[in-house]
Amino acid sequence: VDNDGNGYADDWRGWDFVGNDNNPSDDNGHGTHVAGTIGAAGNDGTGVTGVAWDVRLMPLKFLSASGSGTTANAAKAVLYAAGNGARITNNSWNGYAFSQALLDAIRQADAAGSLFVAAAGNDGVSTDAYAAYPSSYEAPNVVSVAATDASDLRASFSNYGPTRVDLGAPGVNVYSTWAGDSYRYAS
């Protein structure tokens with residue numbers, strides 16, 4: 001039943017745009033790892049603490065277990081998040097194809113007051129020379145984040161660019177949650 005009239009039946013826990021259902025369970029692991037880095041509760045004996053303990057997370061899935069998905073579903077997820085009050089979205093995925101529909105969705109999220117944080121990418125290239133999306137979209141709400149290592153230097157795999165990358169954040173050997181485990185060491 002679509003009690004709230006947003007077009008998604010029983011979406012009390014988020015939405016899966018791959019399966020088009022209300023079960024956005026992570027069958028890849030990456031989403032759980034990133035969500036834990038952001039919001040894992042601290043002081044609970046699991047060994048992981050997110051950077052924002054009090055955050056409310058809205059699980060949305062548009063990538064399959066293999067990590068593939070459509071730009072159309074990515075745009076739907078961005079619009080869903082903005083339409084359901086997300087003030088910030090984390091988008092740690094990328095590709096090299098421009099999509100006007102996705103850019104329009106990101107700009108609509110901006111109009112709704114939602115910050116769009118995006119990974120710069122993991123190919124070790126300059127996004128000033130090779131635009132990586134969604135982090136390279138020209139929209140005021142897009143923040144492009146490169147990965148840094150334990151020395152606070154750019155990780156060797158991270159994309160970079162003085163024009164298109166806004167900042168760096170830890171992205172190597174980060175402890176976090178993992179689907180089915182209390183925590184996982186990520187490289």
Query - side chain to side chain donor-acceptor pair (under 3.5 Å) partners of residues 130-144, not counting sequence neighbours, each pair once - result: none
Query raised in the report: Which other residues belong to the hydrophobic cluster containing Val51, where Ile, Leu, Val, Met, Phe, Trp and Tyr are joined when side-chain heavy atoms lie under 4.5 Å apart, directly or via other members?
Result: none
Check: residues 78-86 side-chain donor-acceptor pairs under 3.5 Å, at least two apart:
from	atom 1	to	atom 2	distance (Å)
Tyr80	OH	Asp11	OD2	2.6
Asn84	OD1	Asn6	ND2	3.4
Asn84	ND2	Tyr80	O	2.8

Query raised in the report: Shared ILVMFWY cluster between Tyr175 and Trp53, side chains joined below 4.5 angstrom?
Result: no
Report task. Return the minimal non-hydrogen interatomic distance between Pro134 and Ile106, and the atom names on each side. Result -> CB-CD1, 4.1 Å
Query - Thr70 vs Phe17 side-chain heavy atoms within contact, under 4.5 Å - result: no
Query raised in the report: Excluding sequence neighbours, so at least two apart, what forms side chain to side chain donor-acceptor pair (under 3.5 Å) with Thr37?
Result: Ser176
Report task. Go through the structure and list residues passing side chain to side chain donor-acceptor pair (under 3.5 Å) with Thr148, not counting sequence neighbours. Result -> none
Query raised in the report: Taking only residues two or more places apart in sequence, or in another chain, which ones meet Lys61 in a salt bridge (charged side-chain N to carboxylate O under 4.0 Å, His left out)?
Result: Asp27
Query raised in the report: Rounded to the nearest 0.5 Å, how far apart are CG of Leu57 and CG of Asn90?
Result: 9.5 Å
Query raised in the report: Mind checking what makes side-chain contact (heavy atoms from CB on, under 4.5 Å) contact with Asn22, not counting sequence neighbours?
Result: Asp10, Trp12, Arg13, Trp15
Report summary line: Heavy atoms of Ala40 and Val48 approach each other most closely as CB-CG1, 3.8 Å
Requested in this report: To the nearest 0.5 Å, tell me how far Asp123 CG sits from Tyr160 OH.
Outcome: 11.5 Å
Query raised in the report: Looking only at heavy atoms, what is the nearest atom pair of Asp2 and Gly7, with distance?
Result: OD2-N, 2.7 Å
Report summary line: Cluster membership besides Leu115, Ile/Leu/Val/Met/Phe/Trp/Tyr side chains within less than 4.5 angstrom, sorted by chain and number, is Ile88, Val117, Val143, Val145, Leu167
Query raised in the report: Out of curiosity, Thr71 OG1 to Leu103 CG, how far, rounded to the nearest 0.5 Å?
Result: 12.0 Å
Requested in this report: Please list, chain by chain and in numerical order, all residues satisfying side chain to side chain donor-acceptor pair (under 3.5 Å) with Asp166, sequence neighbours excluded.
Outcome: none
Report task. For residues Gly161 and Ser126, report the shortest heavy-atom separation together with the two atoms involved. Result -> CA-OG, 4.3 Å
Query - Closest non-hydrogen atom pair, Asn3 against Val1 - result: OD1-CG1, 2.9 Å
Query raised in the report: Atom CG of Asn173 and atom CG of Asp149: how far apart are they, to the nearest 0.5 Å?
Result: 9.0 Å
**Report entry** Joint hydrophobic cluster, Val34 plus Trp93, side-chain heavy atoms closer than 4.5 Å
**Finding:** no
Requested in this report: State whether the side chain of His33 and the backbone N or O of Val174 hold a donor-acceptor pair below 3.5 Å, judged by distance alone.
Outcome: yes
Query raised in the report: Could you give all pairs that pass the side chain to side chain donor-acceptor pair (under 3.5 Å) test and reach residues 100-111, with sequence neighbours left out?
Result: Gln100-Asp104
Report task. Check side-chain contact (heavy atoms from CB on, under 4.5 Å) between Ser66 and all other residues, then give those that pass, not counting sequence neighbours. Result -> Ser64, Ser68
Query - Gap separating the CG atom of Asn73 from the CZ atom of Phe62, nearest 0.5 angstrom - result: 8.5 Å
Query raised in the report: Got a sec, which pairs hit salt bridge (charged side-chain N to carboxylate O under 4.0 Å, His left out) with one end in residues 47-57, sequence neighbours left out?
Result: none
Query raised in the report: For the atom pair CG (Asn20) and OH (Tyr8), what is the distance rounded to the nearest 0.5 Å?
Result: 8.0 Å
**Report entry** Donor-acceptor pair, side chain of Thr32 and main chain of Thr177, under 3.5 angstrom
**Finding:** no
Report summary line: What one should report as the nearest heavy-atom pair of Ala120 and Asn159 is O-ND2, 2.9 Å
